[in-house]
K.L.:
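Mind looking over this structure? Questions follow.
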Amino acid sequence: MLEARDALLAWYDRHARVLPWRSAPGERPDPYRVWLSEIMLQQTTVQAVKGFFETFVARWPDVAALAAASEQEVLSQWAGLGYYSRARNLHRAAREVAARGGEFPRTPEDLAELPGIGPYTAAAIAAIAFDHPVVPLDGNIERVAARCFAVHAPLPGSKPLLRDKAQAFAGADRPGCVAQALMDLGATICTPKSPACALCPLEEGCAGFKAGIAASLPAKTAKQARPTRRGVAFVAIRADGALLVRTRPAKGLLGGMSEVPGSEWSEAFDASKARAHAPLSANWVKTAGVVRHVFTHFALELVVYRASVPRGTPDLPGMRWVAPGDMHREAFPTVFRKVLAQVPEKLLDFSGKSLRKSK
DNA sequence: TATCCGTGGGG
DNA sequence: TCCCCAAGGAT
């Protein structure tokens, strides 16, 4: 396996991807940037993360700066990236690290005590930022290991086995490079479909390639179907341009994010009674289209109503009127950007271009 | 062990 | 259109 490790590193030295959070060769990585990137990259593509990462480090260059921000500011910047518990845990972890003088823990065990850091992220930060001789197990390395060692057992049950197999690449020399090399290999060569085995530095020792089954691995257990939930959302526009907005419960789906009022989302939603869910009495006008959005475990179809209401409209419990100039501070997740995009632009005073870029 | 938790791109 | 899946974690 020593030869395979050396071949992997030689390949990495020639083909490593250039990414905003990576340090130049020979330079010590900044644990803050490593941590931030690893959190953002959880279940998220490199392409999607790049812009968010740049925005975050420009606004919050170190962990102390991030700790000094409010959770609302962090959620607002995170809006659009998904899995919002990551942002809440990121903020909590920043405050914990800042409270210890800004020094990150250096071992997987200690790192994993921070919120939002699990087995993978702990191992990745320890290896990349602190040269800890461990191989983190992400989706890429699961795939590389399953193929290299021809593991037929299906995920996720085979995860512990694959983690053990992957440690064959562990070693004291350049552990961070090995981790990133395996991930780059999985992302560019050992891809889920049509792997480019002819270009792979591990081809010689790959049991899956030798058996001609590399592309079929790793096996996965079947996943269940995704139901459709339906509901209604209401966009109330006050005469001064303010919009009626509320904050979702702190935990759960889109926890802590902004939304416009509406119904619960359920498979049994009765569209004929949609108006009964309105937050206030007004001349509600049904908008033309239906907002469709897909979450991890259900699809959503939202009917949208809009109304113009007079300047003197009173406050409602648990809701607030947001002035046009403050809309950019709101942490609207993508589904509610789609909802707002249903309202004719001439009715909205805020410069909604950035809010309305979504489909 | 299984479920919940977003989003966007590619085949 | 649909399905897959991407540097997973919390409960």
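Sequence lines set the chain letters: A, B, ... in the order given, protein chains first and strands last, and positions in each chain run from 1. Just so you know, these numbers come straight off a predicted model, no measurement behind them.
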K.L.:
Between A:Tyr84 (OH) and B:dC5 (P), how many Å, whole number?
P.N.:
14 Å
K.L.:
Round to a whole Å and report the spacing from NZ of A:Lys220 to C1' of B:dA2.
P.N.:
16 Å
K.L.:
So does A:His293 get a side-chain nitrogen or oxygen closer than 4.0 Å to the phosphate oxygens (OP1/OP2) of B:dT7?
P.N.:
yes
K.L.:
Any base atoms under 4.0 Å from A:Pro115, or only sugar-phosphate, or nothing? Heavy atoms, all strands.
P.N.:
sugar-phosphate
K.L.:
Does A:Arg248 qualify as a cation-pi partner of A:Trp265, given the criterion of NZ or CZ under 6.0 Å from the six-membered ring centre and within 45 degrees of its axis?
P.N.:
yes
K.L.:
What residues join A:Tyr83 in its hydrophobic cluster, counting side-chain heavy atom gaps under 4.5 Å, either direct or through other members?
P.N.:
none
K.L.:
When rounded to the nearest 0.5 angstrom, what is the spacing between CZ in A:Arg329 and CD in A:Gln72?
P.N.:
12.0 Å
K.L.:
Which is true for A:Gly157 with a 4.0 Å heavy-atom rule: it touches a base, it touches only sugar-phosphate, or it touches nothing?
P.N.:
nothing
K.L.:
Look at the side chain of A:Arg17 against the base of C:dA7 and say whether a donor-acceptor pair falls under 3.5 Å; ignore hydrogens and angles.
P.N.:
yes
K.L.:
In whole Å, I'd like the distance from the CZ atom of A:Phe298 to the P atom of B:dC5.
P.N.:
7 Å
K.L.:
Rounded to the nearest angstrom, tell me the gap between atom CZ in A:Arg86 and atom C1' in C:dA7.
P.N.:
11 Å
K.L.:
Do A:Arg238's NZ or CZ and the ring of A:Trp321 fall within the cation-pi criteria of under 6.0 Å and 45°?
P.N.:
yes
K.L.:
Would you say that more than 12 heavy atoms from the other residues, nucleotides or ligands in this model lie under 6.0 Å from the CD of A:Glu109, or not?
P.N.:
yes
K.L.:
Look up atom CD in A:Gln180 and atom CG in A:Leu8, then write down how far apart they are to the nearest 0.5 Å.
P.N.:
11.5 Å
K.L.:
Taking atom P in both C:dA7 and B:dG11, compute the distance separating them and give it to the nearest angstrom.
P.N.:
15 Å
K.L.:
Using atom names, set out every protein N or O paired with an N or O of nucleotides 1-3 of chain C below 3.5 Å, distance rounded to 0.1 Å.
P.N.:
none

K.L.:
Looking at A:Phe332, A:Phe52, A:Phe56, which one forms a ring-ring contact (aromatic ring centres under 6.0 Å, His included) with A:Trp78?
P.N.:
A:Phe56
K.L.:
What is the nucleic acid contact for A:Arg22, judged by heavy atoms within less than 4.0 Å: base, sugar-phosphate only, or nothing?
P.N.:
base
K.L.:
With rounding to the nearest 0.5 Å, note down the distance linking CD1 in A:Ile141 to CG in A:Leu162.
P.N.:
11.0 Å
K.L.:
Tell me whether the OP1 or OP2 atom of B:dT3 has a side-chain N or O from A:His297 closer than 4.0 Å.
P.N.:
no
K.L.:
Among residues 39-53 of chain A, which residues get a heavy atom nearer than 4.0 Å to DNA chain B?
P.N.:
A:Gln43, A:Thr44
K.L.:
Could you check how far OH of A:Tyr83 sits from C1' of C:dT11, rounded to whole Å?
P.N.:
15 Å
K.L.:
For DNA chain C, whose closest nucleotide is more 5', that of A:Lys251 or that of A:Leu19?
P.N.:
A:Leu19
K.L.:
When all nucleic acid strands are considered with a 4.0 Å heavy-atom cut-off, which category describes A:Trp35: base, sugar-phosphate, or nothing?
P.N.:
nothing
K.L.:
Indicate whether the side chain of A:Arg86 and that of A:Thr44 have a donor and an acceptor atom separated by less than 3.5 Å.
P.N.:
yes
K.L.:
Distance from A:Cys190 atom SG to A:Asp184 atom CG, nearest 0.5 Å?
P.N.:
12.5 Å
K.L.:
Would you call A:Arg106 and A:Asp131 a salt bridge, taking side-chain N to carboxylate O under 4.0 Å as the test?
P.N.:
no
K.L.:
With a cutoff of under 4.5 Å between side-chain heavy atoms, which Ile, Leu, Val, Met, Phe, Trp and Tyr residues group with A:Phe209?
P.N.:
none
K.L.:
What integer distance in Å separates A:Lys338:NZ from B:dG6:P?
P.N.:
14 Å
K.L.:
How close or far is atom C1' of B:dC4 from atom NZ of A:Lys223, stated in whole angstroms?
P.N.:
14 Å
K.L.:
Would you indicate which nucleotide in B:dT3, B:dT7, C:dC5 comes nearest to any side-chain atom of A:Gln224?
P.N.:
B:dT3
K.L.:
Rounded to whole Å, how long is the line connecting atom CG of A:Leu253 with atom C1' of C:dG9?
P.N.:
16 Å
K.L.:
If you take any heavy atom closer than 4.0 Å to DNA chain B, which residues from residues 120-145 of chain A end up in contact?
P.N.:
none
K.L.:
Applying ring-ring contact (aromatic ring centres under 6.0 Å, His included), can you list everything that pairs with A:His277, at least two apart in sequence or on another chain?
P.N.:
A:Phe269
